[in-house]
Amino acid sequence: MEECISVFDMLKIGVGPSSSHTLGPWRAAERFLEELKDEAILEDITRVKVDLYGSLSLTGKGHATDLAVMLGLSGQDPEYIPVEDIAGIIKKIETTNEINLGNQKVIPFFFLQDIVFNKDFLPFHANGLKFTAYKSDDSEYESTFYSIGGGFVVKEERTNAKEKKAIKCAFPYPIQNAAELLNYTITENKSISEIVYENEISMRPEAEVHSELMRIWNTMLECMYIGCHSEGILPGGLHVRRRAFDMHQNLIGLSNYNDPQSWLEEIRKTEVKFRQILKWVSCFALAVNEVNASLGRVVTAPTNGSSGVIPAVLMYYMVIENHNAGEKEIKQFLMVAGEIGSIFKKGSTISAAMGGCQAEIGVSSSMAAAALCELMGGSPAQVLMAAEIAMEHHLGLTCDPIGGLVQIPCIERNTMGAIKAINAAELALETDSKNAKVPLDKVINTMWETAKDMNSKYKETSEGGLAVAVNMADC
């Protein structure tokens, strides 16, 4: 049965640095609170313990998993919490040894004892976490969740299957793979974005689809703006110096602007040569992922670790390729990108803990390539070809973050993924789709087979690759 995944499932607004290790555990904590309320036992809880397993344990510190869990248990929402409040909330929990559970009841909470890092892996998924709530009569309530990438959280028993089934029935064009998507575009004589739009408005009003897509873009734009105007050293102990600020200063010169939109207009006036284009695209991607690395607000696209690729490529289109581009093109781009990402999620994985970095940067590059190709006039077949080309040249990419932080090599990889996406779109536009040798679905299947064959130490554990070749002392 086809799984219905909305564009808004693939493009989520949240807090960095990781969708699977920060946003997912945060959402799991929220769901645990909901369970306590549904069971009518929240007021009877005297203590809560959280066990992190597998990759969540191995790289949890670097990904702020422990902080995310505390924020979630406190009843904070990652989409709307003022990011400047995060440090204060965490500091209060650590100094008082108390947590305001669900923002309703204060209970003792010793974060060094009540958040347990277990290196063992649970069988269902590499990112597992178990919540245990202790009641006043000494009985316990346990609940286990799995963060499966991109901020998606499931329970092994999939208790929400009925709800998912209801959603599946809503789409007029249910899509499981690229072949089905292409077939719809042919039989309905529609572009990919038009097919996606029909699916989206079957679930929510047109005005809401418009406003939410623009809210996603405005969050991306603001994130690039903040990153380009922030100096200093990233947190975490690697002493990584922000680079977007200096790069941006060298590119923008003495331009005058006072907000993200006027900034965009000023960039349109700058010199456009090949080297400048490379620098601008890289600057946009760096900016986003430097914000992400400092617990800033980003759009998961499809993950936080790969959140810089899609904004960088869309910004490239708007400031370099088409100065008249506006809301229509923004929505078109995001809908195509979201749909391609959902096909990867259904046919493979978007979790680095399951598939390495090919599942993050590879997928984001594929999403961006497809979206750019449609905006540049590509046919649906060429759009899918662009997605295929981008992923084909990310196959086998490992996830080996130094110190478990989403910084090295993660930040730079976003620049490479963005550049590859632009290149893939151009190659597809110059190719007759009838001559394509490798369909997108074959690459997605190959990516999944590659993921299964990949040694586990290269799947977001910091136990292989650069993570062991370069240690914290070297930095």
Evaluate whether atom [atom1] of [X] has more than 12 neighbouring non-hydrogen atoms of other residues, nucleotides or ligands under 6.0 angstrom away.
{"X": "Lys452", "atom1": "NZ", "answer": "yes"}
{"X": "Gln276", "atom1": "CD", "answer": "yes"}
{"X": "Glu194", "atom1": "CD", "answer": "yes"}
{"X": "Tyr458", "atom1": "OH", "answer": "no"}
{"X": "Asn435", "atom1": "CG", "answer": "yes"}
{"X": "Met247", "atom1": "CE", "answer": "yes"}

Whether the side chain of [X] engages the backbone of [Y] through a donor-acceptor N/O pair (distance < 3.5 Å, no angle test) should be reported.
{"X": "Trp280", "Y": "Leu251", "answer": "no"}
{"X": "Thr415", "Y": "Ile411", "answer": "no"}
{"X": "Thr59", "Y": "Ser55", "answer": "yes"}

Student check: side-chain heavy atoms of [X] and [Y] closer than 4.5 Å:
{"X": "Met220", "Y": "Val288", "value": "no"}
{"X": "Gln332", "Y": "Leu375", "value": "yes"}
{"X": "Ile115", "Y": "Met70", "value": "yes"}

Check: What is the distance from atom CD1 of Ile389 to atom CG of Leu427, rounded to the nearest 0.5 Å?
Finding: 5.0 Å
Notebook entry, point to check: If you round to the nearest 0.5 Å, how far is CD of Gln358 from NZ of Lys459?
Noted result: 9.0 Å
Next item on the list: Apply side chain to side chain donor-acceptor pair (under 3.5 Å) to the pair Gln382 and Thr431, showing each step before the final yes or no.
Entry: CA-CA 8 Å; Gln382 288 175 315; Thr431 305; over 6 Å; no
Next item on the list: Only one of Phe124, Phe121, Tyr53 passes ring pair (Phe, Tyr, Trp, His ring centres under 6.0 Å) with Tyr146; say which it is.
Entry: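 Checked Phe124, Phe121, Tyr53 against Tyr146; only one passes ring pair (Phe, Tyr, Trp, His ring centres under 6.0 Å): Phe124.
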Checklist line | Parallel, tilted or perpendicular: rings of Phe131 and Phe145 (30°, 60°) | finding: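 Answer is perpendicular, since the angle exceeds 60°.
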Donor-acceptor pair between [X] and [Y] side chains, under 3.5 angstrom:
{"X": "Ser191", "Y": "Ser193", "result": "yes"}
{"X": "Ser342", "Y": "Glu339", "result": "yes"}
{"X": "Glu180", "Y": "Tyr173", "result": "no"}

Below 4.0 angstrom, N of the basic side chain to O of the carboxylate: do [X] and [Y] qualify?
{"X": "Asp9", "Y": "Lys345", "value": "no"}
{"X": "Arg215", "Y": "Glu212", "value": "yes"}
{"X": "Glu35", "Y": "Arg31", "value": "no"}

Note to self: Give me each pair satisfying salt bridge (charged side-chain N to carboxylate O under 4.0 Å, His left out) with a member in residues 320-332, each pair once, sequence neighbours excluded.
What the structure shows: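 As it turns out, there is no salt bridge (charged side-chain N to carboxylate O under 4.0 Å, His left out) pair with a partner in residues 320-332 once direct neighbours are skipped.
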Next item on the list: May I ask you to establish whether Lys12 and Phe152 are in a cation-pi arrangement, using a distance under 6.0 Å from NZ or CZ to the six-membered ring centre and at most 45° from the ring axis?
Entry: yes
Could you list the donor-acceptor pairs under 3.5 angstrom formed by side chains in residues 390-403, with sequence neighbours left out?
| residue | atom | partner | partner atom | Å |
| --- | --- | --- | --- | --- |
| His394 | ND1 | Ala390 | O | 2.8 |
| Asp400 | OD1 | Arg413 | NH2 | 3.4 |
| Asp400 | OD2 | Leu466 | N | 2.9 |

Next item on the list: With sequence neighbours excluded, give me every ring-ring contact (aromatic ring centres under 6.0 Å, His included) pair touching residues 302-330.
Entry: none
